[in-house]
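I have placed the structure first, in the form of structure tokens, so that the comments after it can refer back to it.
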Number of protein chains: 4
Amino acid sequence: MIDKGVRTVRVGVVGCGYWGPKLIRNFHSIPGSELSMVADLRQDRLDHIKGLYPSVETTTSYEALLDSSVEAVAIATPVSRHFEMARQALLANKHVLVEKPLTQNTEYANALIDLARERKRILMVGHTFEYNPAVEYLKSLIESGELGRVYYVNATRVNLGIFQKDINVIWDLAPHDVSILLYLLGLKPDQISARGSAYVQPGIEDVAYVTLNFPNGIMADVRVSWLDPCKIRRITVVGSKKMVVYDDVDPNEKIRIYDKGVDAPPYSDTMEQFRLSYRYGDITTPAISNAEPLAIETSHFLECIRSGKTPRSDGAVGRDVVRILEAAQRSLRNGGSSEHLAN
Amino acid sequence: MIDKGVRTVRVGVVGCGYWGPKLIRNFHSIPGSELSMVADLRQDRLDHIKGLYPSVETTTSYEALLDSSVEAVAIATPVSRHFEMARQALLANKHVLVEKPLTQNTEYANALIDLARERKRILMVGHTFEYNPAVEYLKSLIESGELGRVYYVNATRVNLGIFQKDINVIWDLAPHDVSILLYLLGLKPDQISARGSAYVQPGIEDVAYVTLNFPNGIMADVRVSWLDPCKIRRITVVGSKKMVVYDDVDPNEKIRIYDKGVDAPPYSDTMEQFRLSYRYGDITTPAISNAEPLAIETSHFLECIRSGKTPRSDGAVGRDVVRILEAAQRSLRNGGSSEHLAN
Amino acid sequence: MIDKGVRTVRVGVVGCGYWGPKLIRNFHSIPGSELSMVADLRQDRLDHIKGLYPSVETTTSYEALLDSSVEAVAIATPVSRHFEMARQALLANKHVLVEKPLTQNTEYANALIDLARERKRILMVGHTFEYNPAVEYLKSLIESGELGRVYYVNATRVNLGIFQKDINVIWDLAPHDVSILLYLLGLKPDQISARGSAYVQPGIEDVAYVTLNFPNGIMADVRVSWLDPCKIRRITVVGSKKMVVYDDVDPNEKIRIYDKGVDAPPYSDTMEQFRLSYRYGDITTPAISNAEPLAIETSHFLECIRSGKTPRSDGAVGRDVVRILEAAQRSLRNGGSSEHLAN
Amino acid sequence: MIDKGVRTVRVGVVGCGYWGPKLIRNFHSIPGSELSMVADLRQDRLDHIKGLYPSVETTTSYEALLDSSVEAVAIATPVSRHFEMARQALLANKHVLVEKPLTQNTEYANALIDLARERKRILMVGHTFEYNPAVEYLKSLIESGELGRVYYVNATRVNLGIFQKDINVIWDLAPHDVSILLYLLGLKPDQISARGSAYVQPGIEDVAYVTLNFPNGIMADVRVSWLDPCKIRRITVVGSKKMVVYDDVDPNEKIRIYDKGVDAPPYSDTMEQFRLSYRYGDITTPAISNAEPLAIETSHFLECIRSGKTPRSDGAVGRDVVRILEAAQRSLRNGGSSEHLAN
């Protein structure tokens, strides 16, 4: 699949917390990549990385990384640092992969998009799920028309989770579901509302619900929580012809297609005659590649650098997600108000 | 458990659709009950009942049932008929068990409560889940303090369901969850909001989400749908000490208690020192009686008739549920507005 | 499906223990059946039945039942009584449905077969699973060739079970799996062996394993236990092309077809070149009728009485199962010896 | 937990097929270990390892590895090479960790045991599951008496598996279950029998069943298969007081303890009075460490080297497992004969 004869890109990674090491592992092992430098403020983390990958240079100075010969920088630092670090990297003429969410606000996202265009550099956001083979399969199902008209989507992403100190659960977990929704539907929502509560840390919501109203009457609901006893990552897409459940936690059966539905007859003279007919057909679990989404994502990033093509999850998509999160945040503050998005 | 030496109560049932036959089966088989008459507008349904229970009298006339010697009437007709039929039964000095929801609106519910008090008759609403041993167990867990402070509740009740023509999915399914919540928490919500969409039948929501804000910051979210490929009936209660999942669909393990949680230290000098500690302890599945909730409910109804005591799910509880459904309905019509409930 | 215009057959049932009431319920409710008499030695059981079906005559005398006008008798008594009671019924010119296993030994089974032929009466054994829509579906899969050549079958039937006092777990549970195997494969085994142990009641095995070697190298293994914490009823059929799991405990997905397998290339020059290729294809869960197997079985019995056709699970099949159980029992006594069956 | 101040042991690994890379990863990352050399016949595999661990020396010559300064050698080559390679390593005064099964036959195993004793070197076999926290927990449950008397054990280890060319499924998969059984019960079996069939490769059984009879009437049955659509690794231990299921495939709930059982009363005058009473109590899922068993095993190996203490899975345990596999193999060839083991 991946041509091993490709030009090698030198990559630097900044941030060795939860996600950084996964990027490091991938940039170390995928073809056409040379992981040359890793930066973090904490020396102990750098020592750990050095132990695993002795050939990699490490530094506590982000400037040193930007001054090095790396062509591309992957940023896996706290969200509050994304904008400034990505800006510096673009100013240093590096291609940039930023972890999700792209930035803290739309303004910053737009600034990065403009700067990347100006500097002719790739700006990509790490919406990993857009590179998940199960999500790609689900998108192909929707586009083929096999599900019929999409009615609604329900998404749940909960766990006894890693609490963040600077962002709430919406900013932490919902970027996954929002980026999946935008990718699957190929649409942007008109309206957003959100409700949530903060139980463990005052002022930082650990449980939240986001409703997105898309064109064509498609409703999507996202439940996110850091406070749930079970790890659930589940998306249900209900169409007029078929229904699909995507269960990311199931190691073997991520996608299940239900040939189930309700048919209303084309017309009926009186309400009394109105009859619904239910279909209970087969359930199919397609064989899905178990390739690691992050390996696909990082390879895609390098491929875009080489070819100049626009990444699937480019700055514009990253900005759209941020705009939706901002609207959800406003709704949360306004007691669940319905926030309109001009598209 | 049940004393077989009790006085026998003669019972009539009206309505032989989906739920009626279950009431009929129970009033036919529980001790101290004599199922003497069944009414329905459709003769074919009555014939079917007669085939199963040859000793039972059947009639297409509700008046005939009210004129008969039955002491108690169980009403399992469409919601729009509840008020009028319950009123007539009370006026005929019958004790009344009405299926949920009690009535179409709060005013009707209050009228029935007043009439029952005046006539000194039992008015009970069929909130079956209040008689479910798993729900009772869950309530005892909460009351014992084992869960700590209750943070929030998440409830899901979805299926490829029986569509109703006169009521939407909130009025059809949410009464279960709302009555469970009131029973479990012993509190009434201050605020309600709801969102939903109608896909199969215009104007009749088949998918909906209801948020209830209770005192003490307890948030409860209820998801109901007639359009889901999987049958899910699941309630998660998250407390500060433990978390519980009640899965009504699981035949063997309805309640699972997770000794999991997050502890924040009592104080910390700086935000940097702030640390959360996670507990991942045992999971316990208590042995729960598999007695049929409807058998317990119908026995409770007869016991209240004999003893004069107030039913667990009396008219007042039925009215509270209706008031919440009304508020949810208003919110649904107002685009998800937050509806305040004066308690 | 079932013509309601058929001649009604008058049926008597003897035995109101665990299984009898299920037969009674079905003979009471299926079309073309009149449940006219029920016999049992215990009056309290008869009273219970009378309470449920007031129109049915009850008796503690089997002779009275045989003297009555019933055309057919269903026998649900302990195994040790099957032969004598079935013999008497046939001598009284009744058609007979005997619960599984047909008799305690092959000799008795052959005697019943001869008597039924002589008296021109239907002799059927209650191998319920042969009438289970999931088993029928599985048989159609095998016969269509979709699975390729059947390699082997693994069957597990365990629970914390109802212990029998007169028979061990092989005679109690294995008749189900053996009758399913004979039905699915359309073959009889050449060799049988069995191993087991008695833990709770001395001399009565509560845990056992039976191996059946069928022609064409097909191996079938059956695990039965009254001493297992989980209820498992699961049959795996592995074919050269596809594999199937039939999980009788799953309410929604009884059959799952795995398009999985291993292909060896037609030839290879050296062992080094030998390569196996794995196929990991889709999993399909076909929609299966959820009709009650016992309703189908009892209807089939009556249909055979009316038409004179041979039942699917006739005396010969019942005898074949008994012969296999006898061989398994011999092997159990002989320390797991391989017992040959002349076919 | 592990003291980082320990003396570092230089380790070499031979064999980079399926299992070798896991050993390599662990010897590279556990404290007190220096992975200094890796040997394999295939240069491409060595290149792959070199890519992941640039500091490690690689060689196609086992002699070179034995001539190097490594103190310890881990052998992950095909079984047929175990004896000769372990012998050479011991002769070169290296400590040796051999993958399971230790050797092809008991004679070889005894020769290695003698040689290790003579050379005063550690000989350990890679029975990974003896170092699995869930197995350790299960052993502590049995030893504490919480399960009561152990009645029987049922083990299933099936998958659509990696077929071996030189050994059948018993030699490939059963070492896991046999070593678990010896470890859990602290007993050796008196008798062994086995049945199996070869479907994909002539003469190499891909499906097999092994029965082990232990002292005190404990029966253990092991089902292994390379030809099953589902990955199952499940061990059920049934005791007189409680029952346990160990499901190695479940990521979160590996051990489930069922407070279930059957009690026979101490005595009864007549068989008629004999009553069994069932207990259906709670189910408990204890929190189990998710430490990697192989990390524990490799650390244990190094600790034994440093301290001179005998490994949990020493040569003698490795030999016992081989002796049981030999007996199973004999039984397989003799049509399921019962093979006695003199202990």
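In what follows, chains are A, B, ... by sequence order, proteins preceding strands, each numbered from 1.
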For this session: Please name all residues satisfying side-chain contact (heavy atoms from CB on, under 4.5 Å) with Ala208(C), sequence neighbours left out, ordered by chain then number.
Result: Val169(C), Ile170(C), Val224(C)
For this session: List the atom of Ser197(C), the atom of Gly217(D), and the distance in Å for their closest heavy-atom pair.
Result: OG-O, 4.4 Å
Seminar exercise, completed: The interface call for Ile257(D) against chain C, heavy-atom contacts under 4.5 Å, is neither
Problem set entry | Residue Arg223(C) versus chain D: region with a heavy atom under 4.5 Å | side chain
Problem set entry | Selection from Tyr258(C), Trp226(C), Tyr209(C) maximising heavy-atom pairs under 4.5 Å formed with chain D | Tyr209(C)
Seminar exercise, completed: Highest number of heavy-atom pairs under 4.5 Å with chain D among Gly335(C), Gly196(C), Ala198(C), Ser338(C) belongs to Gly196(C)
Problem set entry | Residue, of Asp228(D), Thr236(D), Thr211(D), Val158(D), that accumulates the most heavy atom pairs under 4.5 Å with chain C | Asp228(D)
Exercise. Roughly how far, to the nearest 0.5 Å, is OG1 of Thr156(D) from CG of Asn154(C)?
Worked result: 7.5 Å
Seminar exercise, completed: Hits for side-chain contact (heavy atoms from CB on, under 4.5 Å) against Glu143(C), two or more places apart or cross-chain, chain-then-number order -> Lys139(C)
Exercise. Between Met219(D), Lys260(D), Gln191(D), which residue shows the highest count of heavy-atom pairs closer than 4.5 Å to chain C?
Worked result: Met219(D)
Seminar exercise, completed: residues 238-253 of chain C vs chain D, non-hydrogen distance cutoff under 4.5 Å, contacting residues -> Val238(C), Met243(C), Val245(C)
Exercise. Which pair of non-hydrogen atoms, one from Leu160(D) and one from Tyr280(C), has the smallest distance, and what is that distance?
Worked result: O-OH, 3.5 Å
For this session: Applying side chain to side chain contact (heavy atoms under 4.5 Å, CB included), run through Tyr152(D) and Asp206(C) and close with a yes or a no.
Result: CA-CA 11 Å; Tyr152(D) 79 94; Asp206(C) 32 34; over 6 Å; no
Exercise. Looking at Gly336(C), Cys230(C), Pro229(C), which has the largest count of heavy-atom pairs under 4.5 Å with chain D?
Worked result: Pro229(C)
Exercise. Got a sec, which residues hit side-chain contact (heavy atoms from CB on, under 4.5 Å) with Ser337(D), two or more places apart in sequence or on another chain?
Worked result: Ser331(D), Asn334(D), Glu339(D)
